[in-house]
Amino acid sequence: VQLVESGGGLVQAGGSLMLSCAATGRTFSNYAMGWFRQAPGKEREFVAVTSRSGSSTAYGDSVKGRFTISRDNAKNTVYLQMNSLKPEDTAVYYCAAGIGAWRSERSYDYWGQGTLVTVSS
């Protein structure tokens, strides 16, 4: 599976962004899809995950209630809608795919290159 993220950029605190991750190469609906992020000098952090059908989701505590993950299996794309952004959300955001994957990054087999989100105060 090849994954390509898009939609990152610079936004003011309180604003919104939507990230997209387009997948090619294998049957998209076979994979749980997750979003992770890594801020400068910090470890990679779980953000959100959606099951293969999109019927189940989970979120990291720091984004719960502000971010929403969704997927469109017809378009082979997973999305991350980010609202009420804070400066501490600044990071490179990665999408990842894994069969049976959930919160642990070790459960993912494929990773995108990442897209930078910068939130100014």
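The hydrophobic cluster containing Val92 also contains Phe36, counting ILVMFWY residues as joined when their side-chain heavy atoms lie under 4.5 angstrom apart, directly or transitively. Follow the hydrophobic side-chain contacts under 4.5 Å out from Met82 and you reach Val47 in the same cluster. Note on Val63 and Trp35: same hydrophobic cluster, where clusters join Ile, Leu, Val, Met, Phe, Trp and Tyr whose side-chain heavy atoms are under 4.5 Å apart, directly or indirectly. In the hydrophobic cluster analysis, where Ile, Leu, Val, Met, Phe, Trp and Tyr join through side-chain heavy atoms closer than 4.5 angstrom, Met33 is grouped together with Phe67.
Using a 4.5 Å cut-off on side-chain heavy atoms (C-beta onward), Asn73 and Arg52 make no contact.
A distance-only check finds a donor-acceptor pair linking the side chain of Arg66 to the backbone of Ser84 [under 3.5 Å]. Proximity of a side-chain donor or acceptor of Arg71 to a complementary backbone N or O of Ser51 within less than 3.5 Å is detected. In this structure, Glu5 contributes its side chain and Cys95 its backbone to a donor-acceptor pair below 3.5 Å.
Shortest non-hydrogen contact noted between Ser62 and Glu45 is OG-OE2, 3.1 Å. Closest approach of Ala48 to Leu80, counting heavy atoms only: CB-CD1, 4.2 Å.
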Can I get a per-line list of side-chain donor-acceptor pairs under 3.5 Å for residues 54-61, giving both atom names and the distance, sequence neighbours left out?
from  : atom 1 : to    : atom 2 : distance (Å)
Ser55 : OG     : Ser53 : OG     : 2.9
Tyr59 : OH     : Ile69 : N      : 2.9
Asp61 : OD1    : Lys64 : NZ     : 3.3

Report all side-chain donor-acceptor pairs from residues 11-31 shorter than 3.5 Å, counting only partners two or more places apart or in another chain.
from  : atom 1 : to    : atom 2 : distance (Å)
Ser16 : OG     : Asn83 : OD1    : 2.9
Thr24 : OG1    : Gln2  : OE1    : 3.4

Quiz: residues 108-121 side-chain donor-acceptor pairs under 3.5 angstrom, not counting sequence neighbours:
from   : atom 1 : to     : atom 2 : distance (Å)
Tyr108 : OH     : Trp102 : O      : 2.5
Thr115 : OG1    : Gly8   : N      : 3.2

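Take Arg103 and apply the side chain to side chain donor-acceptor pair (under 3.5 Å) test, not counting sequence neighbours, and it matches no residue. With sequence neighbours left out, Asn76 forms a side chain to side chain donor-acceptor pair (under 3.5 Å) with no residue at all.
Within the structure, no pair that satisfies the ring-ring contact (aromatic ring centres under 6.0 Å, His included) test touches residues 73-94, not counting sequence neighbours.
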